[in-house]
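A, B, ... follow the sequence lines: proteins, then strands. Residue 1 opens every chain.
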Amino acid sequence: MTTRTTILSILVLLIATVFAPSAQAKKGTLLNVSYDPTRELYEEYNAAFAKYWEAKTGDKVTINQSHGGSGKQARAVIDGLEADVVTLALAYDIDAINEKANLLPKNWQSQLPHNSSPYTSTIVFLVRKGNPKKVKDWDDLIKPGISVITPNPKTSGGARWNYLAAWAYALKNYQTDSTQSPEQRAQQFVTKLFKNVPVLDSGARGSTTTFVQRGIGDVLLAWENEAFLAVNELGKDKLEIVVPSLSILAEPPVAIVDKVVDRHGTRAVAQAYLEYLYSEEGQEIAAKHYYRPRLEAVAQKHEHQFPKVNLVTIDEVFGGWQKAQKTHFADKGVFDQIYQPAN
Amino acid sequence: MRNHSLSAVAILVALSSTGAYAAVAQSNDPNRVATKTTEERLAELEKKQKIMERQLEIEREQAAEKAKSTPLATANAKDGFSIKSPDGDFLLRLRGLLQVDSRSVSGKDDPKASDDTFLLRRVRPIFEGTVFGDIDFRLVPDFGQGTAAIQDAYLDFKYLPEAKLQVGRYKVPFGIERLQSNADTLFTELALSGNLTPNYDIGAAFHSESLFGGKLGYAAGVFNGAADNGSTDSDIDGNKEFAGRVFASPWKGEDIPWLDGLGVGFAVTVGNRNGTATRGQYLPSYKTPGQQTFFKYRDDSFANGEALRYSPQLYYSYGSFGLLAEYIVSTQKVTRGANSDRVQNKGWQVAGSYVLTGEAASYKSVVPRQVFDPTAGTWGAFEVVGRVSQLDVDEKAFPTYADPAKYARSALAWGAGLNWYWNRNIKWMFDYEHTTFRGGETGGRDREAEDAFLVRAQLAF
């Protein structure tokens, strides 16, 4: 073998060693762009998934989180935030990622069970201990002197659920002027409600901070899980939960961002990450953090921790998210017409 | 923010006084219907204050959030116009150089050059910036003198500050005066010695200016290979040229003021140049400061072999005084017919400057303490400059490779000038250069001396 051949052979071997698939465990990262209140849920879930993934494949995975108002997070992804997966508050925000950036397919919601919603939630009221303002139902929120805390529906998914829950209640129950249509009465009701809102945070967690830490407001319209979190953290002697007579079934969806995972080479682990939310361990973690699990066995086991609520869906009351978004939350929609900051 | 705080105080004062009045009214008139108690009013005020504070907090959070994604646009005299991402990883800077010259030259006519003319010497929009934090770029077209050409076009990979990699078209790291920014030179045109330095070339070089706390800089790379005083856009003979330069300022930052501004360097280029009738001579011509050609090889002489240049060089500044000096040797094997010789041409210059208005002299431009503003009685900065330079062509070049009846063996120039800096961006230059020659006329006589009056109005940003 000539010297030239020897040198070439060594070079080829070196190159092959560098670029050949390694027998050692791979390390990957995922970015989960989520909505505001899911911080604690995904902190625990991520650790559990990483352990599961390493046991299954031998590979390590680090999941980075980003949290914020659901609408704001969707816009960040559209503007280039490289999310491998999104776990947002409502389907419309993920639809927007498809429509404006084409990062995932139009039929994303059919890729995972239950319309890609591994857990559900609803909207409840959080009040001061003893409920000094005697808030029992939605009607009480429009009374003079009541201060209501809810985030901005333009940025927060939770705020949109709050708004729609109030609207749904008013459609059925707000009988102020029989000459008006139910829609007109509902608009009147929600207008009065937002007149009692002194501060609009950008996300649900901000509103919790306003109500719980800053002591502002008499009632917080909150995700169910946020309400339980606040009560458990601050103490049952400071806050209590009031369940309204009617609320809305919130189905926060999850999705892979296809173009990003293909670019990053993380499709397999991202798929497994979302699928594991539906596993028994994933559902247990969800229930532990007061998200209503989908898996029947887990749901039954944790039935006692979730109050019974008369729930309506966005499809039956509003005709779906596309219609609701266009009517209420788009620019110059109903919300833009009615919102005036409270004095 | 201040408005909210002032409003809160105003509300507090107004309501407190009203509350006090209500309390007095109550005490004075027991039959009057009770108004809100002071405690209730105070509780209301507290509530309003909390709301305002929280609103402020939210506004600040939103502003901070927005700032993270809002690009920063700036426009100033030092950096031109720029737009930068919040994290600084992406930057685009638009700068420019405009030089409007008046050139009046007496002496032997060069039929290709006008001896009395206004001209746009350089018209250069400058695009430079950074992408992904570690990659700089620079693109400089030039539309001066009725042409359109690309001068700088390069990428600079800065992953390792000690060994940045610059690839593309840029000035070869060799001549100290040539490497000065075109906006910062002491005189409008290079000294005679500058003829022996390469100009723009395409290649790749490792470099750093910041070794040992900025005391040592180096550049070492491979280029297509440009002839003296020339630029290239491609390698016409397939041979590459190595260029290397080190420049040290050993006392920079040390507490020895009179040595702080001393820098010395050494540069070398080594290559192999081969010209042909079809490819071109690959040989230089040399010009006076008045831009008249005083030396040129015969049309059938060609570069044919080793090309070597070296140059010890120096820059010194102390207060308002500056000094630039270089000595250059450029050797090229030349062929004409059956004849072949190593022709070694030498040049040197010493240029001094003094800023009359007291600002610091600098290898870069003088920054006036006071801008030119006649209404305020301020006139910018004035700098007097002087230099001597010489270029000697190897005797071996004559008569075989160059015609002694047409071209000089040697040129010696002395020049004096005044630079007037109106502000960071506007500079006027007034130069006078007197150049004498040895040879360059029939019968061995000396070419007529040249007097050049050069004026420049410059905008650089």
Side-chain angles (χ1 to χ4, degrees), chain A residues 33 35-36 66-83 128 132-133 144-156 159 194-220 339-343, chain B residues 1 3-15 18-19 34-37 39-73 83-92 130-133 159:
Chain A
V33 170
Y35 61 113
D36 222 2
S66 167
H67 291 276
S70 184
K72 209 165 68 129
Q73 293 288 75
R75 269 196 287 283
V77 173
I78 290 164
D79 289 342
L81 181 58
E82 296 262 313
R128 310 286 171 199
K133 294 292 179 93
I146 291 283
S147 182
V148 179
I149 303 299
T150 174
N152 188 342
K154 298 292 240 184
T155 51
S156 163
F194 273 90
K195 271 194 167 41
N196 284 350
V197 175
V199 174
L200 274 187
D201 286 273
S202 63
R205 185 51 57 91
S207 286
T208 306
T209 301
T210 298
F211 184 77
V212 173
Q213 268 92 40
R214 302 288 180 270
I216 297 171
D218 301 309
V219 54
L220 170 68
Y339 174 63
Q340 297 290 333
N343 296 322
Chain B
M1 195 187 310
N3 287 341
H4 280 126
S5 302
L6 286 173
S7 302
V9 168
I11 289 165
L12 272 168
V13 168
L15 288 174
T18 330
T35 56
K36 285 187 184 176
T37 65
E39 286 79 15
E40 284 168 344
R41 286 185 170 277
L42 276 172
E44 250 179 57
L45 275 174
E46 250 183 46
K47 191 175 150 186
K48 284 182 198 292
Q49 188 183 350
K50 273 189 196 173
I51 289 170
M52 276 197 269
E53 280 170 358
R54 181 60 182 155
Q55 282 170 341
L56 257 173
E57 206 177 336
I58 291 168
E59 277 169 28
R60 274 191 217 123
E61 281 166 12
Q62 286 172 348
E65 199 58 43
K66 198 173 173 189
K68 280 186 205 167
S69 60
T70 303
L72 181 65
I83 182 159
K84 188 166 85 164
S85 64
D87 60 8
D89 278 355
F90 290 84
L91 165 69
L92 175 65
T130 305
V131 293
F132 294 100
Y159 294 100

Flag side-chain contact, heavy atom, 4.5 Å: B:L92 against B:K84 | no
Does some side-chain heavy atom of A:D218 sit less than 4.5 Å from a side-chain heavy atom of A:V148?
-> no
Tell me yes or no: between the side chains of B:Q55 and B:E59, is some donor less than 3.5 Å from an acceptor?
-> no
Please classify the contact between [X] and chain A as side chain, backbone, both or neither, with a heavy-atom cut-off of under 4.5 Å.
X	value
B:K47	side chain
B:Q62	side chain
B:E57	side chain

Mind running side chain to side chain contact (heavy atoms under 4.5 Å, CB included) on A:K154 and A:Y339 for me, showing each step along the way?
-> CA-CA 11 Å; A:K154 298 292 240 184; A:Y339 174 63; over 6 Å; no
